[in-house]
Every structure is written in C-alpha cells, then in structure tokens.
Amino acid sequence: DGGITQSPKYLFRKEGQNVTLSCEQNLNHDAMYWYRQDPGQGLRLIYYSQIVNDFQKGDIAEGYSVSREKKESFPLTVTSAQKNPTAFYLCASSAPRTSEETQYFGPGTRLLVL
Amino acid sequence: QKEVEQNSGPLSVPEGAIASLNCTYSDRGSQSFFWYRQYSGKSPELIMFIYSNGDKEDGRFTAQLNKASQYVSLLIRDSQPSDSATYLCAVSGASGSRLTFGEGTQLTVNP
C-alpha cells in the first residue's frame with residue numbers, strides 16, 4: 001500500500017527545544033517537500049529535495065533544517081531559532097523528471113508550543 | 001502582487017448548483033496547474049491538474065486554463081454538501097517542480 005507517512009500526528013515543543021518531524025514515502029518518488037500551513041492560509045515551502053543528498057531552501061527556511069540521506073526519508077527539524085513554530089506541517093513527494101509532476105501529501109503533523 | 005491569487009471567499013452555494021473557483025497567477029512561464037481540496041484539519045488531496053489551454057473534465061469537475069489571461073478555474077457541477085472544503089490552487093514555475101499555492105477558497109454547499 002503506497003503512500004506518505006508523517007509522524008507524530010501531534011507534537012509539543014518546549015521553549016529552546018529542537019524537534020524533528022518524520023516523513024517517509026514508499027512511492028519511489030525522487031522529490032520531497034516540506035510545507036508549513038498557518039490557520040486560514042495557503043501552504044508555504046520550507047525546504048525541498050529533488051535527489052538524495054541534495055536539498056534547497058524554500059521561501060521560509062529560517063529556523064528549520066533538513067536531511068536527505070535516503071530516497072524514502074526527508075526529516076524536518078524545527079530548531080529553537082524558529083520563534084513561531086506553531087503550525088500544521090505537511091510533507092509531499094513527486095516524481096518531477098517525468099510527465100507526472102503532481103505532489104502528493106502526507107497526513108501532516110500539528111506542532112504546538114507549550 | 002501575490003504570485004497566485006484566489007477569489008477570497010468564503011463561497012456559499014446551494015446543493016445542486018455550480019460552484020466556480022478562480023485563480024490568477026503572475027509567472028507567465030508557469031507550466032502546470034493543480035487544484036487540491038482540503039477538508040478541515042486534513043491534508044490536501046489532488047482533484048485535477050491541467051497543462052494545456054482549454055477545458056479538462058473529470059466527473060463533476062472541470063478545470064479551465066487560459067494562459068494568455070494567466071487564469072485557471074475549477075467548476076464543480078451538481079455541488080454536494082460533501083464538496084464543502086477549502087480549495088487550493090497551485091502553480092508550478094517555468095523551472096519545474098516547485099509549486100506556489102494560493103491561500104485557498106473556502107466553499108460551503110448548503111443542503
């Protein structure tokens with residue numbers, strides 16, 4: 001059963017703490033993405049990766065970091081430098097070097113600050 | 001000017017009516033256009049994508065693209081209460097895979 005999984009569903013962060021959000025896909029997609037969504041807003045791109053061991057900053061990368069050591073996995077770390085991390089975080093994947101560029105989304109992680 | 005703009009909403013239509021959702025974009029080199037539906041508290045799910053000028057139909061949904069006017073729309077025929085959701089327009093740039101999303105239009109279909 002192919003798809004994208006994100007964990008945890010809910011995550012609580014204390015002041016000064018780094019937290020890591022997990023994203024795994026078994027769709028054999030090359031490209032993976034992280035978005036942030038604030039209430040009533042669209043999606044804003046944090047980071048994306050088109051191939052293993054390579055990634056690029058999106059529009060709002062400050063306070064976040066990523067790694068792409070495996071094709072299937074693209075974890076996002078929300079660092080203590082991100083002062084307003086409360087949001088809905090969405091991971092997506094796509095197969096960009098084909099005619100099918102559609103991005104498919106995981107179920108999301110909701111991050112809350114204690 | 002925002003890169004991708006959607007009609008602000010919220011939009012309310014009676015059951016059985018046609019709902020019309022609109023989106024304009026600023027990058028003339030944009031190649032691919034997507035409509036996603038997002039239920040409250042859930043992640044976006046793809047409804048349709050369109051690459052070429054004209055209409056593309058899939059069941060009750062029709063996407064319309066006019067690249068000269070930099071305009072893409074989604075029509076939902078015979079609207080159902082289950083269509084009540086936020087609809088997100090997304091546009092890929094000339095360089096490929098990055099998508100830029102609009103802020104979404106909230107649609108309510110009243111029984």
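Since this is a predicted model, take the numbers as computed values, not measurements. Residue numbers start from 1 in every chain, and the chains themselves are labelled A, B, ... in the order their sequence lines are given, proteins ahead of strands.
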Inset, instruction - Tell me, for R44(A) versus chain B, whether the close heavy atoms (under 4.5 Å) come from the side chain, the backbone, both or neither. - result: neither
Legend entry - Pick from A90(B), P44(B), C89(B), G104(B) with the largest number of heavy-atom pairs that fall under 4.5 Å of chain A: P44(B)
Inset, instruction - Would you kindly confirm whether L111(A) and F105(A) end up in one hydrophobic cluster when ILVMFWY residues are joined by side chain heavy atoms under 4.5 Å apart? - result: no
Inset, instruction - Go through the atoms of Q56(A) and report whether side chain, backbone, both or neither lie under 4.5 Å from a heavy atom of chain B. - result: neither
Inset, instruction - Examine whether an atom of Q6(B) lies under 4.5 Å from a heavy atom of chain A, and if so say whether it belongs to the side chain, the backbone or both; otherwise answer neither. - result: neither
Legend entry - Single-linkage hydrophobic cluster L76(A)~L45(A), side-chain heavy atoms < 4.5 angstrom: no
Legend entry - Matching residue for L99(B) among Y48(A), Y33(A), Y35(A) - test: side chain to side chain contact (heavy atoms under 4.5 Å, CB included): Y35(A)
Legend entry - Co-membership, hydrophobic cluster, residues V113(A) and Y64(A), 4.5 Å side-chain: no
Inset, instruction - State, to 0.1 Å, how close G41(B) and F88(A) come at their nearest heavy-atom pair, and which atoms those are. - result: O-CZ, 4.1 Å
Inset, instruction - Answer yes if W35(B) and L75(B) sit in the same cluster of Ile, Leu, Val, Met, Phe, Trp and Tyr residues linked by side chain heavy atoms under 4.5 Å apart, and no otherwise. - result: no
Inset, instruction - Count the heavy atoms of every other residue, nucleotide or ligand shown that sit under 6.0 Å from CD1 of I18(B), and state whether that count exceeds 12. - result: no
Legend entry - Part of L90(A) within contact of chain B (heavy atom distance under 4.5 Å): side chain
Inset, instruction - Quick one: closest heavy-atom pair of S43(B) and P107(A), and the distance? - result: OG-CA, 3.8 Å
Inset, instruction - Determine whether V4(B) and L74(B) fall in the same hydrophobic cluster, where Ile, Leu, Val, Met, Phe, Trp and Tyr are linked whenever their side-chain heavy atoms lie under 4.5 Å apart. - result: yes
Legend entry - Atom pair CD/CG of Q37(A) and L88(B) - distance to nearest 0.5 Å: 6.5 Å
Inset, instruction - Against chain B, work out which of G42(A), G58(A), G106(A), A92(A) has the most heavy-atom pairs shorter than 4.5 Å and name it. - result: G42(A)
Legend entry - Smallest separation among heavy atoms of Y36(B) and Q103(A), with atom names: OH-O, 2.6 Å
